[in-house]
K.L.:
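Below you will find the structure I want to go over with you.
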Amino acid sequence: MKNILLISVVFLFSCTSQKEENLLDTTTSTEEIPNTAYVMVLGIAQDASYPQMNCKKDCCKAAWNNPALQRTTSCIAIIDPTTNEQWIIDATPNIKEQLQLLKSKTGTEKVDGVLLTHAHMGHYTGLMHFGREVMGTNKVPVFAMPRMKSFLEENGPWSQLVELENISLKKLKSDSTINLNKNIRITPFLVPHRDEFSETVGYEILINNRSLIFIPDIDKWEKWETNITELIKKVDFAFLDATFYKNGELKRDMSEIPHPFVEESMELFSSLSDADKQKVHFIHFNHTNPLLIEESSAQKEVSEKGFNLAKEGQIIRF
Ligand SMILES: [Zn+2]
Ligand SMILES: [Zn+2]
Ligand SMILES: [Zn+2]
């Protein structure tokens, strides 16, 4: 009798774990991993991630109580399954969780290189995890523009990563293309931003003759000499700064921290064809941005107007 009871308990237990595995399977298999190089979104929030430290307002209330609503700082990975290599653009304060997300999809959290956009806290401070106190890595290639590179070389604690050769800095030049490997080409380009410690770049990634631009941070579009609307027509995917949804979102002078409001961007891009609008994926959402709230009227407005929102774990095929 005791044995039968034990067997039934074991059987019951294995049934539930089987069920859970199946559930997990269906969520991950909805998007199959490509067999050629691709991009994966690892984070979508502004530098401070979501919810934001100390925020007691409605924007963050639900997310404090529900980890499923929390979002990490904007970051994308470039993955080549044919060579088993993977790179990340920006080392965010959430790099630990983001590499776990990457591992859950690709089977490894190995990083073959980091490409940095600029020296604001959400975009490079994750480098600290490569240091002696954590991974103690050996010469992880870190690609940076000249001012960004000097900033890391000349200021602690980053200079220690350089001296101990935890990271190996590679100097980038704007508008100059590098080959990450034989399948992936990448080009940094300068964008206007509050450049206190470094210049700021966006990146164009070229795979299979298709291209993706990633611009997580930029001041107003009109401050950039490049015409963003024309650029969207030329590329295949555009991941663009969507820090704030609209003016008045912060109760402070928003001209001190200029970003294109999503409302302004949608107006600017309204002349694009439906196919071109579909290329736009908004990213880098501040905690106050209603695009972080599932089913919000802002989310509905963006999709009704024909644009997309970047999602964590999203896979972009080339
Ligand atoms: Zn940022
Ligand atoms: Zn908030
Ligand atoms: Zn910034």
Side-chain angles (χ1 to χ4, degrees), residues 39 41 43-50 52 58-60 63 69 71 73-76 89 117 122 189 191-194 200-205 210-312 314 316:
V39 162
V41 178
I44 61 165
Q46 180 263 10
D47 299 43
S49 77
Y50 178 69
Q52 178 171 306
D58 286 347
C59 48
C60 293
L69 302 177
R71 299 290 179 262
T73 296
S74 70
C75 175
I76 61 173
I89 300 189
T117 58
F189 51 86
V191 296
H193 191 41
R194 296 170 291 111
T200 302
V201 290
Y203 285 98
E204 178 172 18
I205 302 161
R210 302 191 81 207
S211 64
L212 180 151
I213 50 166
F214 179 53
I215 308 176
D217 261 298
I218 188 167
D219 290 358
K220 299 288 184 189
W221 293 122
E222 54 270 25
K223 281 174 65 183
W224 194 23
E225 69 221 17
T226 302
N227 181 322
I228 182 63
T229 315
E230 290 305 311
L231 182 58
I232 292 169
K233 291 180 191 170
K234 289 185 200 137
V235 301
D236 296 285
F237 307 97
F239 281 73
L240 304 179
D241 181 343
T243 308
F244 303 116
Y245 194 67
K246 61 178 177 189
N247 200 9
E249 197 172 304
L250 296 187
K251 301 293 169 243
R252 62 189 259 206
D253 183 2
M254 292 183 77
S255 64
E256 284 172 7
I257 34 168
H259 288 272
F261 300 128
V262 174
E263 280 193 344
E264 290 174 339
S265 298
M266 291 196 296
E267 180 60 31
L268 185 65
F269 306 154
S270 61
S271 62
L272 289 172
S273 69
D274 290 350
D276 284 337
K277 284 178 185 166
Q278 277 293 310
K279 298 172 181 175
V280 175
H281 290 67
F282 291 115
I283 195 164
H284 194 272
F285 308 113
N286 196 56
H287 69 116
T288 53
N289 191 325
L291 293 178
L292 282 164
I293 314 277
E294 296 305 326
E295 305 291 317
S296 63
S297 53
Q299 276 200 354
K300 284 176 194 151
E301 192 178 353
V302 167
S303 78
E304 273 160 22
K305 289 191 166 158
F307 303 100
N308 286 298
L309 300 172
K311 297 235 179 317
E312 289 177 7
Q314 178 182 13
I316 308 296

K.L.:
Should V302 and L291 count as side-chain neighbours, where that means a heavy-atom distance under 4.5 Å?
P.N.:
yes
K.L.:
Once you round to the nearest 0.5 Å, how far does CG of L240 lie from CZ of F269?
P.N.:
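It comes to 5.5 Å.
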K.L.:
So, does K220 use its side chain to make a donor-acceptor pair with the main chain of P258 at under 3.5 Å?
P.N.:
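Not confirmed, K220 side chain does not pair with P258 backbone.
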K.L.:
Nearest 0.5 Å, please: how far is NE2 in H281 from CG in L212?
P.N.:
8.5 Å
K.L.:
When you check the side-chain N and O atoms of T243 and Q46, is any donor under 3.5 Å from an acceptor?
P.N.:
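Absent: no donor and acceptor within the cut-off.
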K.L.:
If you round to the nearest 0.5 Å, how far is OG of S273 from CD of Q278?
P.N.:
10.0 Å
K.L.:
With a 3.5 Å distance limit and no angle check, can you tell me whether D274 reaches the backbone of G306 through a side-chain donor-acceptor pair?
P.N.:
no
K.L.:
Taking salt bridge (charged side-chain N to carboxylate O under 4.0 Å, His left out) as the test, write out the residues that go with K246, two or more places apart.
P.N.:
none
K.L.:
Within the side chain of K233, is there an N or O that forms a donor-acceptor pair under 3.5 Å with the backbone of D276?
P.N.:
no
K.L.:
Output yes when a side-chain donor or acceptor of E249 lies under 3.5 Å from a complementary backbone atom of Y245, and no otherwise.
P.N.:
yes
K.L.:
Using only atom types and a distance under 3.5 Å, with no angle test, would you say the side chain of E312 pairs donor to acceptor with the backbone of G43?
P.N.:
no
K.L.:
With a sphere of 6.0 Å drawn around CD of E294, does it hold more than 12 non-hydrogen atoms of other residues, nucleotides or ligands?
P.N.:
yes
K.L.:
Other residues, nucleotides and ligands only: do more than 12 of their heavy atoms fall within 6.0 Å of CD on E267?
P.N.:
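No, not enclosed.
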K.L.:
Carefully, step by step, assess M254 and F244 under the rule side chain to side chain contact (heavy atoms under 4.5 Å, CB included).
P.N.:
CA-CA 10 Å; M254 292 183 77; F244 303 116; 3.5 Å; yes
K.L.:
For the CZ atom of F307 and the CD atom of E301, what is their distance to the nearest 0.5 Å?
P.N.:
10.5 Å
K.L.:
Please report the interatomic distance CD1(I283) to CD(Q314), rounded to the nearest 0.5 Å.
P.N.:
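Nearest 0.5 Å value for the CD1-CD distance: 8.0 Å.
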K.L.:
Listed by chain and number, what are the side chain to side chain contact (heavy atoms under 4.5 Å, CB included) partners of I218, not counting sequence neighbours?
P.N.:
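Here the qualifying residues are V191, P192, I215, W221, W224, D241, P260.
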K.L.:
If you take the centroid of each ring, where Trp contributes its six-membered ring, are Y50 and H287 closer together than 6.0 Å?
P.N.:
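When the ring centroids of H287 and Y50 are compared, they turn out to be at least 6.0 Å apart.
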K.L.:
When rounded to the nearest 0.5 angstrom, what is the spacing between CD in E204 and CG in L231?
P.N.:
7.0 Å
K.L.:
Inspect the contact between K234 and E230 and indicate whether a charged nitrogen and a carboxylate oxygen are less than 4.0 angstrom apart.
P.N.:
no
